[in-house]
Amino acid sequence: MSKLDIVRIAALSDNYIWLVHDPESGETMVVDPAEADPVLAEAERRGWTISAIWNTHWHPDHTGGNAAIKQATGAPVIAPAAEAAKIPTADRLVMEGDTVMLGKHIATVLETPAHTAGHVTYHFADDAVAFTGDTLFAMGCGRLFEGTAAQMYANMQRLAALPPETSVYCAHEYTLSNARYARVAEPDNEAIAARLREVEKMRERGEATVPTTIALERATNPFMRAQSIEQFAERRASKDVFRG
Ligand code: ZN
Ligand code: FE
């Protein structure tokens, strides 16, 4: 099976849209199109035709491009069943354990609620790739808009258990702010200190810090590293008001 081509498209102020192409089948899907124009332009530039749109959750900065991409390409929208009412463009609704194909590549749907009530993660186990939307970020996690600390803690534990080499494609460039908070949350963690220095350099050069990996997150993500729901909740609340 050929390797997936995964292209990062920066959108809005800090969103990342992922264009995912399977060379063998020629199929191309887009994860969380905040907007349509840069996605259609990048696909055209590469000679790819978008065959599906996959949403992790309903927020407009993840679904805003659905309608226009559908209009332009006829691509169906795959979206979490629990958020069907909030994603009127959805064509196929998915839930825990469902599989979604890109050519012969198989993604399993993991329900990862808390940022939104129906948020899902798409995990390509054979490719060691996960699209985590606004659940797991590089050195961070999503805010708890529609769920509890216990739910997000469980998400962190579950994602931490994926193979360490798994590449994590999240939907925002929040790493610098997350790294500064991580340094405060775990002042004695040398891996966090080193990654903060690295992230500072990368951002100064205007480079993206995503994708990350499960191994790197296990070493440096204070939310994934929280030892209990209570510690997770305390860290999440502190980060909500953190000004680094
Ligand atoms: Zn969101
Ligand atoms: Fe978002």
Side-chain angles (χ1 to χ4, degrees), residues 6-20 29-39 42 53-69 77-90 93-96 109-123 129-156 158-159 167-179 181 199 203 208-212 217 221 223-224 232 235-237 239-242:
I6 305 179
V7 174
R8 177 180 43 243
I9 301 169
L12 307 181
S13 59
D14 51 30
N15 277 76
Y16 288 139
I17 302 169
W18 302 103
L19 198 55
V20 186
M29 64 87 160
V30 59
V31 184
D32 286 354
E35 46 187 354
D37 289 351
V39 175
E42 184 64 32
I53 301 162
W54 298 17
N55 294 151
T56 63
H57 66 295
W58 67 268
H59 283 163
D61 63 312
H62 299 256
T63 57
N66 281 4
I69 296 171
V77 173
I78 292 150
E83 301 188 349
K86 287 175 167 164
I87 309 180
T89 47
L93 299 170
V94 294
M95 56 183 77
E96 176 69 33
V109 175
L110 314 179
E111 288 181 353
T112 49
H115 177 71
T116 63
H119 193 297
V120 298
T121 288
Y122 296 101
H123 178 221
V129 163
F131 293 94
T132 60
D134 286 359
T135 291
L136 175 62
F137 294 124
M139 304 186 85
C141 75
R143 287 180 185 249
L144 310 179
F145 290 125
E146 300 178 2
T148 65
Q151 286 176 315
M152 190 61 98
Y153 176 77
N155 294 338
M156 293 297 110
R158 189 171 185 198
L159 294 171
S167 292
V168 175
Y169 293 81
C170 59
H172 290 275
E173 179 62 62
Y174 288 160
T175 318
L176 183 54
S177 160
N178 289 341
Y181 172 72
V199 165
R203 296 307 295 154
T209 64
V210 179
T212 177
E217 294 314 304
N221 185 317
F223 300 97
M224 184 171 273
F232 174 89
R235 288 180 172 187
R236 186 58 267 177
K239 177 62 169 70
D240 285 348
V241 296
F242 180 73

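Because the structure is predicted, anything quoted here is derived from the model rather than measured. Just so you know, ligand 1 is whichever comes first in the structure, and atom 1 is the first atom listed for that ligand.
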- [ ] Looking at Asp61, pick out the N, O or S atom nearest to the Fe ion (ligand 2) and give its name.
- [x] OD2
- [ ] Determine whether Ile17 and Val31 make a side-chain contact, defined as any pair of heavy atoms from C-beta on separated by less than 4.5 Å.
- [x] no
Open item on the list: Please tell me whether His59 and His119 form a close aromatic pair, meaning their ring centres lie under 6.0 Å apart.
Closed with: no
Open item on the list: Closer than 2.8 Å to the Zn ion (ligand 1): does that hold for any N, O or S atom in His119?
Closed with: no
Task: Opening angle between NE2 in His62 and OD2 in Asp134, taken at the Fe ion (ligand 2), to 10 degrees - done: 90°
- [ ] Check His115 and report its N/O/S atom nearest to the Zn ion (ligand 1), by atom name.
- [x] NE2
- [ ] Look at His57 and state whether any of its N, O or S atoms is less than 2.8 Å from the Zn ion (ligand 1).
- [x] yes
Open item on the list: Any heavy-atom pair between the side chains of Val39 and Ile9 that's under 4.5 Å?
Closed with: yes
Open item on the list: the Fe ion (ligand 2) and His172: any N/O/S contact shorter than 2.8 Å?
Closed with: yes
TODO: For Thr121 and Thr135, run side chain to side chain donor-acceptor pair (under 3.5 Å): C-alpha distance rounded to whole Å, both residues' side-chain angles, the deciding distance at 0.1 Å, then the answer.
DONE: CA-CA 8 Å; Thr121 288; Thr135 291; 4.7 Å; no
Open item on the list: Within rounding of 10°, what is the angle whose vertex is the Zn ion (ligand 1) and whose arms end at OD2 of Asp134 and ND1 of His59?
Closed with: 170°
TODO: Please examine the side chains of Phe223 and Met152, heavy atoms only from C-beta on, and report whether any two atoms are closer than 4.5 Å.
DONE: no
Task: Test ring pair (Phe, Tyr, Trp, His ring centres under 6.0 Å) applied to Trp54 and Phe131, step by step - done: CA-CA 10 Å; Trp54 298 17; Phe131 293 94; 7.4 Å; no
